[in-house]
Undergrad: 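Let me begin by handing over the structure; questions about it come next.
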Amino acid sequence: MNISQVRVQNYKIVRDSGWVNIENGITTLIGENESGKTSILEAIASFSHNQPYKDENLHNQKEYSDKARTPVVSIKFEVEDKDPDDYQQLCEDSKHDGAIIFKKMADGTKRFNVDFNYEEMSWERGKSVVSTRNRINEIKKWLANANTNTGSLRSDINDVGDVVLDNPQGVHRLLMESRKILENKEMNESSDLNSINNYLIAEIDRLIDNINTIKSNTVSIFDNLVDIRYYDDVEPIEDKVDVNNLERDGHETLLKMFESHGIDLGNRDKLDKGKLARTINDDINQDIGDAINNTWGQKSINLEIDLIGDKIVTNLRDVSVRRTGSHREYDEYDKDVNRPSGPLSERSRGYKWFIAFYLNYSADLSSTDGDLLLLFDDPAVYLHPKGKRDWLSAIEKVSEQTQVAYSSHSPFLLSKEHPERLRMIEDIGEENGKHGTQVANDFSKSSQGTLEPVRKSLGIRLGDSPFVSNRNVFVEGLSEYYILFGFSHYLRHKKGEEDILDVSEVSIISVDGARKMSTFGKWAESEGFAYALLLDNDREGQDVKETISEKHTEIVRV
């Protein structure tokens, strides 16, 4: 199942994020330090385990009196034809086909929330739910008319009615406790009270039978949800490690790498060192080395992992480096080099991180049969901008198989081709009845300065770019760029007109399509630059000009 939306509540700095849209491919969270990006990713990741939340991890370390009713993370899943039958059935019985919302509460329990058409439910769970709710209503009537102290039991029964379907385990526990209260209740001489007590015990027994039916039909619901993996950092590979103590010493990256190739190094009793050596020589060095070279664009290496006695030894050897031609920026070529092997520890921090990153996510992809969501908190911080682009290219490929969400402060980890991926995270303090971390799902709909939230979130200005001047002409594509550049050259050198479109004073910027003109116009307007938008006089250009005139009136130079 694909995740379509998430909502984080009552977690650390996040009081209520609202519903955050999650793309089928990549979702990027951007925002200032302490805005809540990490808290949102941590909360989403916490959905994968069943432990209750510590008080210090709840919003403002507040101690919530009823953690079973305090939601922390809600995830909306879109159910597809390939998903298990239980989810298909839930959606068929829902008033809103195609989606289920799962919640994890502060006490660690999970619930699902579907707006059901109970009258149309014909399957076993549906009949049990309807029967249970009818019995609960009957018990409520008895309790309301009973001339005895049943206040606490009445409250418990109301609780049962609220969560009978989405938390059958909790309901079962509550009913058993209620039954014990009734069994231990001292009987008096009133036959009416005795009959009420016996009636309630009998009805609760029937309810317990119904709940057991519901439990047996829902046990797999929470077992087959999407697998969520969270990376706030990755452990680099050490030069030499003892093969017998990988698990004890916490070498998670190597354990994952070998496990993805069918070798469990966590079980020393069944360790076959001969098989391990063959796997390293025949598969791992070649497969992983080639994959890293296909991902990392700055150089190519030979990966040289060896089993020497009880030690796993890792070395790298450079075989070529990527060079840039002297005339054209895109004229790149590989130059072969002849360098000796050396330990991984001698490499740059960024390259060691990149290799560990690749080994971790590729192992997770190969070890998961079902749906997967990968979360990365501020990745690639040690990488040169070129390395960051390599990382983003790797994630683009990963997103063809699974969903990915990551936070970043770097403009090099944002795809200009996909502004729809961006989610702006901001700690607004208290404003208009809202407080704490808030998320903007679609910055392009803002009426003032389309890219202003992006600029603010990243802490950069348009003027920080070396390719932007105080005066700018935005054109649709490269052909317009070359036409204007050539026209400027002609006027300057053939006609002596140096003041008309002087490219030393005016930047000509290609925006890659007419549809992006409003975005760049708003950005330039918010920065206070002099600018002009030059559109082709075709149908698309006319449509964009009309849209700008009607909806983006702050843009005046078209």
Side-chain angles (χ1 to χ4, degrees), residues 26 28-30 33 37-38 41-42 45 228-241 246 249-261 284-285 287-305 312-322 339 341-367 372-399 402 404-415 458:
I26 297 173
T28 306
L29 310 183
I30 59 176
N33 290 330
K37 301 185 301 298
T38 296
L41 292 176
E42 284 181 351
I228 302 175
R229 306 290 176 92
Y230 172 70
Y231 308 83
D232 57 351
D233 200 2
V234 288
E235 175 219 11
I237 298 176
E238 295 183 15
D239 296 338
K240 294 181 181 180
V241 296
L246 286 179
D249 296 338
H251 296 291
E252 189 67 26
T253 299
L254 280 176
L255 285 169
K256 281 185 175 183
M257 180 185 73
F258 286 114
E259 185 177 341
S260 68
H261 284 78
I284 291 179
N285 283 331
D287 294 348
I288 294 180
D290 287 347
I292 291 174
N293 290 335
N294 289 333
T295 306
W296 181 263
Q298 299 176 56
K299 64 172 55 179
S300 295
I301 55 97
N302 278 345
L303 180 64
E304 299 174 351
I305 301 177
I312 297 175
V313 181
T314 303
N315 288 289
L316 296 179
R317 182 171 65 86
D318 293 340
V319 295
S320 69
V321 294
R322 180 63 55 89
R339 295 172 181 169
S341 299
L344 187 59
S345 60
E346 295 181 358
R347 300 293 173 142
S348 69
R349 188 177 187 181
Y351 194 51
K352 288 186 290 186
W353 179 91
F354 190 88
I355 291 177
F357 150 77
Y358 174 81
L359 293 175
N360 273 274
Y361 90 75
S362 60
D364 283 339
L365 283 177
S366 63
S367 65
L372 182 65
L373 171 64
L374 301 180
L375 306 174
F376 298 95
D377 188 14
D378 205 10
V381 292
Y382 307 124
L383 299 182
H384 180 274
K386 210 169 187 179
K388 293 180 188 293
R389 287 191 287 269
D390 288 339
W391 183 89
L392 187 56
S393 295
I395 290 301
E396 294 282 358
K397 294 178 182 177
V398 171
S399 69
T402 187
V404 179
Y406 65 89
S407 65
S408 181
H409 298 109
S410 172
F412 300 103
L413 294 186
L414 308 186
S415 173
L458 293 177

Undergrad: Run the numbers on Ile312 and Leu246 for side chain to side chain contact (heavy atoms under 4.5 Å, CB included), then give the verdict.
TA: CA-CA 10 Å; Ile312 297 175; Leu246 286 179; 4.1 Å; yes
Undergrad: When rounded to the nearest 0.5 angstrom, what distance separates NZ in Lys240 from CG in Leu344?
TA: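 Rounded to the nearest 0.5 Å, the NZ-CG separation comes out at 14.0 Å.
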Undergrad: How far apart are the closest heavy atoms of Leu316 and Ile355, and which atoms are they?
TA: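 Nearest heavy atoms, Leu316 then Ile355: CD1-CD1, 3.8 Å.
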Undergrad: Applying side chain to side chain contact (heavy atoms under 4.5 Å, CB included), run through Phe258 and Ile284 and close with a yes or a no.
TA: CA-CA 8 Å; Phe258 286 114; Ile284 291 179; 3.4 Å; yes
Undergrad: When rounded to the nearest 0.5 angstrom, what is the spacing between CD in Glu252 and CD in Glu259?
TA: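 Answer for the CD-CD pair, Glu252 versus Glu259, is 8.5 Å.
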Undergrad: Report the distance from atom CD1 of Ile288 to atom NE2 of His261, rounding to the nearest 0.5 Å.
TA: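 Those atoms lie 4.5 Å apart.
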Undergrad: Can you find a pair of side-chain heavy atoms, one from Leu392 and one from Phe412, that are under 4.5 Å apart?
TA: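 No, side chains not in contact.
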Undergrad: Rounded to the nearest 0.5 Å, how far does CG of Asp390 lie from CG of Asn294?
TA: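 Answer for the CG-CG pair, Asn294 versus Asp390, is 11.5 Å.
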Undergrad: Is a side-chain donor or acceptor of Thr253 paired with a backbone partner of Glu235 at a separation under 3.5 angstrom?
TA: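 Answer holds: yes.
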Undergrad: Can you tell me how far the CZ atom of Arg389 sits from the NE2 atom of His384, to the nearest 0.5 Å?
TA: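 Those atoms lie 7.5 Å apart.
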Undergrad: Hydrogens and angles aside, do Asp377 and Ser407 bring a side-chain donor and acceptor to less than 3.5 Å of each other?
TA: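 On atom types as modelled, these side chains qualify, holding a pair under 3.5 Å.
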Undergrad: Taking ring pair (Phe, Tyr, Trp, His ring centres under 6.0 Å) as the test, write out the residues that go with Tyr361, two or more places apart.
TA: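 Result, ring pair (Phe, Tyr, Trp, His ring centres under 6.0 Å) vs Tyr361: Phe357, Tyr358.
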Undergrad: Report yes or no: does Ser366 contribute a side-chain atom to a donor-acceptor pair with the main-chain N or O of Ala363 at less than 3.5 Å?
TA: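 Present.
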Undergrad: Could you report the tightest heavy-atom contact between Lys352 and Arg347, atom names first, then the distance?
TA: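 Scanning both residues completely, I find the closest heavy atoms to be CE-O, 3.4 Å.
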Undergrad: Check whether any side-chain N or O of Lys386 sits under 3.5 Å from a backbone N or O of Gly297 as a donor-acceptor pair, and report yes or no.
TA: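 No.
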Undergrad: Counting only N and O atoms by type, is there a donor-acceptor contact under 3.5 Å from the side chain of Asp239 to the main-chain atoms of Ser345?
TA: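 Yes, because the side chain of Asp239 sits within donor-acceptor range (under 3.5 Å) of the backbone of Ser345.
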Undergrad: Does the distance from a Lys or Arg side-chain N to an Asp or Glu carboxylate O, for Lys256 and Asp364, drop under 4.0 Å?
TA: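 The answer is yes: the pair qualifies as a salt bridge.
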Undergrad: If I compare all heavy atoms of Leu373 with all of Val404, which pair ends up nearest, and what's the gap?
TA: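 Nearest pair, atom of Leu373 first, then Val404: CD1-N, 4.1 Å.
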Undergrad: Can you tell me how far apart CG (Asn293) and CG (Asn302) are? Round to the nearest 0.5 Å.
TA: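 If we round to the nearest 0.5 Å, Asn293:CG and Asn302:CG are 7.5 Å apart.
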Undergrad: Assess the residue pair Val241 and Asp249 against the criterion (side chain to side chain contact (heavy atoms under 4.5 Å, CB included)); give the C-alpha distance rounded to whole Å, side-chain angles, the decisive distance to 0.1 Å, and a yes or no.
TA: CA-CA 9 Å; Val241 296; Asp249 296 338; over 6 Å; no
Undergrad: Assess whether side chain to side chain contact (heavy atoms under 4.5 Å, CB included) is satisfied between Met257 and Ile305, documenting all intermediate values.
TA: CA-CA 12 Å; Met257 180 185 73; Ile305 301 177; 3.8 Å; yes
Undergrad: Taking all atoms of both residues into account, what is the closest heavy-atom pair of Gly350 and Leu383, and its distance?
TA: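 Shortest heavy-atom separation between Gly350 and Leu383 comes out as O-CD2, 3.1 Å.
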Undergrad: Closest heavy-atom contact between Arg339 and Asp318?
TA: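 Arg339 and Asp318 have their closest heavy atoms at NH1-OD2, 3.0 Å.
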Undergrad: Mind checking whether Phe376 and Ser408 have side chains closer than 4.5 Å, heavy atoms only?
TA: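 No - every pair of side-chain heavy atoms lies 4.5 Å or more apart.
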Undergrad: Looking at every non-hydrogen atom in both residues, tell me the closest pair between Ile228 and Ala45 and how far apart they are.
TA: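 Answer, listing the atom of Ile228 first, then Ala45: CG2-CA, 3.8 Å.
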Undergrad: For the residue pair Trp391 and Tyr406, categorise the inter-ring angle as parallel (less than 30°), tilted (30 to 60°) or perpendicular (more than 60°).
TA: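 Correct class here is perpendicular.
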